[in-house]
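Step one of this worksheet: look at the structure below.
Proteins come first, then strands; the chains are lettered A, B, ... in the order of their sequence lines, and each starts at number 1.
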There are 2 protein chains.
Amino acid sequence: MSTPLNAEMFDDPDCSDRAQPFRVGDKWTGMVLRCLEGGPRRFSELRVPLHWVTPKVLTETLRSMERNGFLTRTVHDENPPRVEYELTALGRSLLEPLDTACDWARTHLPEIVEARTAYEAG
Amino acid sequence: MSTPLNAEMFDDPDCSDRAQPFRVGDKWTGMVLRCLEGGPRRFSELRVPLHWVTPKVLTETLRSMERNGFLTRTVHDENPPRVEYELTALGRSLLEPLDTACDWARTHLPEIVEARTAYEAG
DNA sequence: CAGTATCCTAGGAGATACTG
DNA sequence: CAGTATCTCCTAGGATACTG
């Protein structure tokens with residue numbers, strides 16, 4: 001809930017792009033989902049593990065997820081401003097298929113790497 | 001195995017793009033997987049349900065899947081040429097998480113549509 | 001039949017800078 | 001803090017035409 005997110009949680013080079021044959025929605029939705037499964041987070045908190053996403057793109061991702069009903073955006077009327085993003089029941093339900101996909105990727109990644117090497121070899 | 005693929009199997013407008021928040025690899029991999037789960041298929045057979053994919057893109061998709069070890073491409077030395085695409089064990093194993101994702105989408109699509117309407121309204 | 005070969009475009013994504 | 005505002009770029013994807 002209040003433990004800070006790990007800055008390196010998505011830095012693993014094995015996670016890169018094509019190695020992960022699954023995607024949820026756009027490029028970042030899956031990672032945002034993961035970031036929010038422990039409870040509500042602020043914009044700046046999300047930017048820590050997602051440090052290679054520009055604020056513009058992160059905003060777009062969050063808006064899209066909000067529009068799909070995956071999360072809620074709550075503006076607390078304070079100064080400095082505080083905005084919290086929290087998964088809805090629908091968004092939370094997405095975690096299940098996401099886990100299935102991630103488990104698959106983790107299990108079969110070596111086979112994919114091997115297949116590519118074989119393919120490249122000719 | 002030999003029953004022809006349904007030409008409309010992907011024509012459902014509800015399947016369009018963003019409504020389906022999951023993707024496997026690129027845009028067409030998931031559909032090719034579905035096409036091949038019943039057994040090997042020829043290029044022209046695949047083009048039937050995938051009739052809005054150009055041959056160039058379908059070729060790219062198939063090559064990519066072959067490279068990842070999801071399917072094999074077998075050229076039978078005949079005239080006219082016959083080429084068959086068939087899932088490997090790895091490709092077949094992908095069907096499980098794919099099903100999970102599709103089940104989720106089917107179940108929750110109404111909620112997403114509803115959320116969007118609500119978002120647009122206000 | 002099973003593809004290539006070319007050319008072209010839309011839009012997802014990034015870099016950079018600024019603001020209530 | 002939590003975003004906007006611009007500008008730019010790349011490439012997945014498509015249209016069209018041709019071939020061993």
> Could you state the NZ-P distance from K27(B) to dA10(C), rounded to the nearest angstrom?
Replying inline: 14 Å
> Are the side chain of T100(B) and the backbone N or O of P97(A) linked by a donor-acceptor pair below 3.5 Å?
Replying inline: no
>> Whole angstroms only, please: what is the NE2-C1' distance between H76(B) and dA2(C)?
In response: 13 Å
>> Just to verify, what does E37(B) make a salt bridge (charged side-chain N to carboxylate O under 4.0 Å, His left out) with, not counting sequence neighbours?
In response: R34(B)
> Are any side-chain N or O atoms of W104(B) and backbone N or O atoms of D99(B), one a donor and one an acceptor, separated by less than 3.5 Å?
Replying inline: no
>> Using heavy-atom distances to pick each residue's nearest nucleotide on DNA chain D, tell me which of R63(A) and P80(A) is more 5'.
In response: P80(A)
> Using the ring of each side chain (for Trp, its six-membered ring), is W28(A) parallel, tilted or perpendicular to W52(A), with breaks at 30° and 60°?
Replying inline: tilted
> To the nearest angstrom, how far is L50(B) atom CG from dG14(D) atom P?
Replying inline: 11 Å
> Just to confirm, is there a sub-4.0 Å distance from OP1 or OP2 of dG3(D) to any side-chain nitrogen or oxygen of R47(A)?
Replying inline: no
>> Using the salt bridge (charged side-chain N to carboxylate O under 4.0 Å, His left out) criterion, which residues pair with E66(B)? Sequence neighbours excluded.
In response: none
> Roughly, in whole Å, what's the span from CG in D77(A) to P in dA2(D)?
Replying inline: 14 Å
>> On DNA chain C, does the nearest nucleotide to V53(A) precede the nearest nucleotide to E84(B) from the 5' side, or the other way round? Give the residue.
In response: E84(B)
>> Treating primed atoms plus P, OP1 and OP2 as sugar-phosphate and everything else as base, which nucleotides of nucleotides 15-20 of chain C get B, S or - for protein heavy atoms under 4.0 Å?
In response: B----B
> Atom CG of N79(A) and atom C1' of dA2(D): how far apart are they, to the nearest Å?
Replying inline: 12 Å
>> Could you work out, with side chain to side chain donor-acceptor pair (under 3.5 Å) as the rule, every residue matching R73(B), not counting sequence neighbours?
In response: Y85(B)
>> Tell me every residue that passes side chain to side chain donor-acceptor pair (under 3.5 Å) with R47(B), counting only those two or more places apart in sequence or in another chain.
In response: none
> So does Y85(A) get a side-chain nitrogen or oxygen closer than 4.0 Å to the phosphate oxygens (OP1/OP2) of dG3(D)?
Replying inline: yes
>> Whole angstroms only, please: what is the CD-C1' distance between E60(A) and dA2(D)?
In response: 15 Å
> In whole angstroms, how far is the P atom of dA2(D) from the CZ atom of R73(A)?
Replying inline: 10 Å
> For dA2(D), does either OP1 or OP2 sit under 4.0 Å from a side-chain N or O belonging to S44(A)?
Replying inline: yes
>> I need the CG-P distance between L46(B) and dA2(C), as an integer number of Å.
In response: 9 Å
> Taking only residues two or more places apart in sequence, or in another chain, which ones meet E60(A) in a salt bridge (charged side-chain N to carboxylate O under 4.0 Å, His left out)?
Replying inline: K56(A)
> Using a cut-off of 4.0 Å on non-hydrogen atoms, how would the nucleic acid contact of R82(B) be classed: base, sugar-phosphate, or nothing?
Replying inline: sugar-phosphate
> Between R42(A) and dG3(D), does any side-chain N or O lie under 4.0 Å from OP1 or OP2?
Replying inline: no
> Among all residues two or more places apart in sequence or in another chain, which pass the side chain to side chain donor-acceptor pair (under 3.5 Å) test with T29(B)?
Replying inline: D26(B)
>> Identify the stems formed by DNA chain D, where each pair is Watson-Crick or G-U wobble with both distances under 3.5 angstrom and a stem is at least 3 consecutive pairs.
In response: C:1-20 with D:1-20
> Who passes side chain to side chain donor-acceptor pair (under 3.5 Å) against R92(B), sequence neighbours left out?
Replying inline: none
